[in-house]
Amino acid sequence: MTELDVRALQQRLAAFAAARDWEQYHTPKNLATALSVEASELVEIFQWLTPEQSARVMERPETAHRVADEVADVLAYLLQFCEVLGIDVLSALAEKIDRNEARFPVPETPDTSEPRDRHSSE
């Protein structure tokens with residue numbers, strides 16, 4: 001996704017909200033809450049699946065559609081949140097990756113005896 005694509009999507013989302021007089025509800029608090037709710041709806045799809053089942057979730061059309069819809073909802077609210085707060089989402093992501101690369105350098109000689117914390121990205 002290019003910066004232009006992100007901006008165009010943000011403009012479409014803003015126009016959609018404006019046409020329905022929803023801007024009044026698009027405060028940072030409300031958008032953050034909606035983002036959390038939509039992320040939870042995505043998690044719900046995977047809640048009771050085994051790791052193996054979760055890896056195959058896109059093979060079933062009915063669940064693939066649900067996953068894609070929830071991903072779209074999460075992205076829509078994230079883009080609206082960033083628009084309202086003036087956050088350049090692609091720059092913020094690039095800067096975060098830079099910080100994580102500095103914070104978690106690739107080991108010169110991987111030690112396979114200790115598990116690595118792959119999920120920490122503070």
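Remember, predicted model here, so these are calculated numbers, not experimental data.
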ask   = What pairs with Phe46 under ring pair (Phe, Tyr, Trp, His ring centres under 6.0 Å), at least two apart in sequence or on another chain?
value =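 In terms of ring pair (Phe, Tyr, Trp, His ring centres under 6.0 Å), with neighbours along the sequence ignored, Phe46 is linked to no residue.
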message = A side-chain contact here means heavy atoms from C-beta on lying under 4.5 Å apart; do Val89 and Val6 qualify?
response =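 Yes - at least one pair of side-chain heavy atoms lies under 4.5 Å apart.
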query = Judged by atom type as modelled, is there a donor-acceptor pair below 3.5 Å linking the side chain of Ser40 to the main-chain atoms of Ser36?
reply =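 Confirmed, Ser40 side chain pairs with Ser36 backbone.
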message = Suppose we screen for salt bridge (charged side-chain N to carboxylate O under 4.0 Å, His left out). Which residues come up paired with Glu38, at least two apart in sequence or across chains?
response =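 Expected list: none.
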request  = To the nearest 0.5 Å, tell me how far Leu75 CG sits from Cys82 SG.
outcome  =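 Answer rounded to 0.5 Å: 9.5 Å.
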request  = To the nearest 0.5 angstrom, please state how far the CG atom of Leu31 sits from the OG1 atom of Thr33.
outcome  =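 Going from CG on Leu31 over to OG1 on Thr33, the span is 8.5 Å.
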query = Do any pairs count as a side chain to side chain donor-acceptor pair (under 3.5 Å) and have a residue in residues 14-25, sequence neighbours left out, and if so which ones?
reply =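 Found none.
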query = Is there any side chain to side chain donor-acceptor pair (under 3.5 Å) pair reaching into residues 70-85, and which pairs are they, with sequence neighbours excluded?
reply =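 For residues 70-85, and leaving out neighbouring residues, the side chain to side chain donor-acceptor pair (under 3.5 Å) pairs sorted by first residue read Arg7-Glu83, His26-Gln80.
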ask   = Are Leu42 and Leu78 in one and the same hydrophobic cluster, where Ile, Leu, Val, Met, Phe, Trp and Tyr link if side-chain heavy atoms are under 4.5 Å apart?
value =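 Hydrophobic grouping puts Leu42 apart from Leu78.
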ask   = Going hydrophobic residue to hydrophobic residue with side-chain gaps under 4.5 angstrom, can you get from Val74 over to Ile87?
value =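 Both belong to a single hydrophobic cluster.
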message = I'd like to check the side chain to side chain contact (heavy atoms under 4.5 Å, CB included) partners of Leu93; sequence neighbours left out, ordered by chain and number.
response =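 With neighbours one apart ignored, the set is Ile97.
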query = Of all heavy-atom pairs between Leu85 and Pro28, which one has the smallest distance, and what is that distance?
reply =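 It is CD2-CG, 3.5 Å.
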With a cut-off of 3.5 Å and sequence neighbours excluded, list every side-chain donor-acceptor pair involving residues 53-61.
from, atom 1, to, atom 2, distance (Å)
Gln53, OE1, Thr50, N, 2.8
Gln53, OE1, Thr50, OG1, 3.4
Ser54, OG, Pro51, O, 2.8
Arg56, NH1, Glu52, O, 3.2
Arg60, NE, Glu62, OE2, 3.0
Arg60, NH2, Glu62, OE2, 2.7

task = Walk me through it: do Leu35 and Val37 pass the test side chain to side chain contact (heavy atoms under 4.5 Å, CB included)?
result = CA-CA 5 Å; Leu35 176 59; Val37 169; over 6 Å; no
